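All heavy atoms count here, side chains included; hydrogens, waters and symmetry mates do not. Note that the structure is predicted; figures quoted are calculated from it, not measured. First the proteins, then the strands, lettered A, B, ... as listed; each starts at 1.
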Protein chains: 2
Amino acid sequence: MTEIEITDVTAACGTSLVGEPLSEAAAADLAHTMKALADPARLRLLSIVAASAGGEACVCDLTGPVGLSQPTVSHHLKVLTEAGFLSRSKRGTWAYYALVPGALDRVSRALGAA
Amino acid sequence: MTEIEITDVTAACGTSLVGEPLSEAAAADLAHTMKALADPARLRLLSIVAASAGGEACVCDLTGPVGLSQPTVSHHLKVLTEAGFLSRSKRGTWAYYALVPGALDRVSRALGAA
DNA sequence: TCATGACATCGACGATAGTCGATATTGACA
DNA sequence: TGTCAATATCGACTATCGTCGATGTCATGA
């Protein structure tokens, strides 16, 4: 992989699990998106960011609550960002992560919810 | 793990990602449920079962479309069944798998959708 | 310019997951 | 009872993932 993929979650938009059989490509895209959510540390990071004041949090605010090292937290945030669930804005020395609006809703719809 | 877990998907019911920070246990439960959906083969199996006539399909109808060996398909179906997404009913020599109604909807709601 | 602090990247390790061939199990049928 | 067909389980291999310590990068401020 030579380039960073962004807004991966949009790739699974329009496809629905319960409609017709997923193509091989659509299944791979959706699986890649779901894989970003298939980790307890990443789910907790998402929920903590969502519950933070201003809807954003920096890495230093996240390492404590999840009980993981700074490199590990940074890695998980990168996975979530590349999957299209988080956005990153660097201000000074700090990197603030925020939920991408509608990203989780797109996954919900891909799962067949109306 | 000495016992088979059933209706795993119900464990994540009532919790929402965007509400308040997930507890360690809730995150582990939801991650386990999402992990069952984080594989292209399993997503295709779910969609094929959903699109089958009568809403159910036997293993022999599934090995061909997904292009995997019979033991591998059987393994994926077991994961989906233990996660609460599929139900298994054996009639004669055949094992028919069907979608568990509402299972995917519960995941959608856990993701924060209204 | 140099030191400090926040974050990202690297390299490595152990654990887990997906896949297969071989084999066991179970039900149907002659 | 014996054979065959459908499915499940087992054992092994490979690949991928989560985690960490060490190090690199960059902005701030003395």
Side-chain angles (χ1 to χ4, degrees), chain A residues 1-6 8 24 27-28 30-46 48-49 56-83 86-98, chain B residues 1-6 8 24 27-28 30-46 49 52 56-83 86-98:
Chain A
M1 184 184 308
T2 62
E3 190 152 347
I4 295 181
E5 303 175 26
I6 32 181
D8 192 307
E24 203 164 341
L30 185 54
H32 187 246
T33 299
M34 302 294 294
K35 204 163 295 200
L37 299 176
D39 182 87
R42 287 196 286 268
L43 290 175
R44 298 193 72 190
L45 288 172
L46 274 182
I48 293 173
V49 168
E56 61 180 9
C58 65
V59 182
C60 58
D61 294 330
L62 298 170
T63 51
V66 297
L68 293 173
S69 70
Q70 176 266 322
T72 301
V73 171
S74 191
H75 162 69
H76 285 312
L77 292 172
K78 181 182 180 181
V79 171
L80 288 170
T81 301
E82 291 182 357
L86 288 181
S87 62
R88 193 181 94 114
S89 68
K90 194 160 189 179
R91 293 198 297 275
T93 325
W94 290 269
Y96 291 91
Y97 287 86
Chain B
M1 188 184 306
T2 61
E3 192 151 345
I4 296 180
E5 305 175 24
I6 34 181
D8 192 308
E24 202 164 341
L30 185 54
H32 187 247
T33 298
M34 301 296 293
K35 205 163 295 201
L37 298 176
D39 183 87
R42 287 197 285 266
L43 290 174
R44 298 193 73 190
L45 287 172
L46 274 182
V49 168
S52 295
E56 59 180 9
C58 64
V59 182
C60 59
D61 294 331
L62 298 170
T63 51
V66 298
L68 293 173
S69 70
Q70 175 267 320
T72 301
V73 171
S74 191
H75 163 69
H76 285 312
L77 292 173
K78 181 181 181 183
V79 171
L80 288 170
T81 301
E82 291 181 357
L86 288 181
S87 64
R88 191 180 96 113
S89 67
K90 194 161 189 178
R91 292 199 296 274
T93 326
W94 290 268
Y96 291 91
Y97 288 87

Problem - Step-by-step side-chain contact (heavy atoms from CB on, under 4.5 Å) determination, L77(B) to V59(B) - result: CA-CA 9 Å; L77(B) 292 173; V59(B) 182; 3.9 Å; yes
Exercise for the section: Pick base, sugar-phosphate or nothing for Y97(A), based on heavy-atom distances below 4.0 Å to the nucleic acid. Expected result: sugar-phosphate
Problem - Nearest-angstrom distance from the residue atom NE2 of H32(B) to P of dG18(D) - result: 15 Å
Handout entry: Interatomic distance, R88(A) CZ vs dA6(C) P [rounded to whole Å]
Key = 16 Å
What pairs of nitrogen or oxygen atoms, one from the protein and one from nucleotides 13-21 of chain C, lie under 3.5 Å apart?
unit_1  : atom_1 : unit_2 : atom_2 : d
dG18(C) : OP1    : R42(B) : NH1    : 3.4
dG18(C) : OP1    : R42(B) : NH2    : 2.7
dG18(C) : OP2    : R42(B) : NH1    : 3.4
dT19(C) : OP2    : H76(B) : NE2    : 2.2
dC20(C) : OP2    : S69(B) : N      : 3.0
dC20(C) : OP2    : S69(B) : OG     : 3.0
dC20(C) : OP2    : T72(B) : OG1    : 2.8

Practice task
Taking R42(B) for its side chain and L37(B) for its backbone only, find out whether a donor-acceptor pair lies under 3.5 Å.
Solution key: no
Problem - Donor-acceptor pair, side chain of R44(A) and main chain of D39(A), under 3.5 angstrom - result: no
Problem - Pairwise side-chain contact, S89(B) with E56(B), heavy-atom cut-off 4.5 Å (strictly under) - result: yes
Practice task
Answer yes when E82(A) and R88(A) have at least one side-chain N-carboxylate O distance shorter than 4.0 Å, and no when they do not.
Solution key: no
Practice task
Check the pair L62(A) / H76(A) against side-chain contact (heavy atoms from CB on, under 4.5 Å), numbers first and verdict last.
Solution key: CA-CA 11 Å; L62(A) 298 170; H76(A) 285 312; over 6 Å; no
Practice task
Determine the minimum heavy-atom distance between Y97(B) and V49(B), stating which atoms define it.
Solution key: O-CG1, 3.4 Å
Problem - For atom CG of L77(A) and atom C1' of dT9(C), their distance in whole Å - result: 14 Å
Between the protein and nucleotides 27-30 of chain C, are there any N/O to N/O pairs under 3.5 Å, and if so, what are the atom names and distances?
none

Exercise for the section: Could you tell me which residues satisfy side chain to side chain donor-acceptor pair (under 3.5 Å) with S69(B), sequence neighbours excluded, listed by chain and number? Expected result: T72(B)
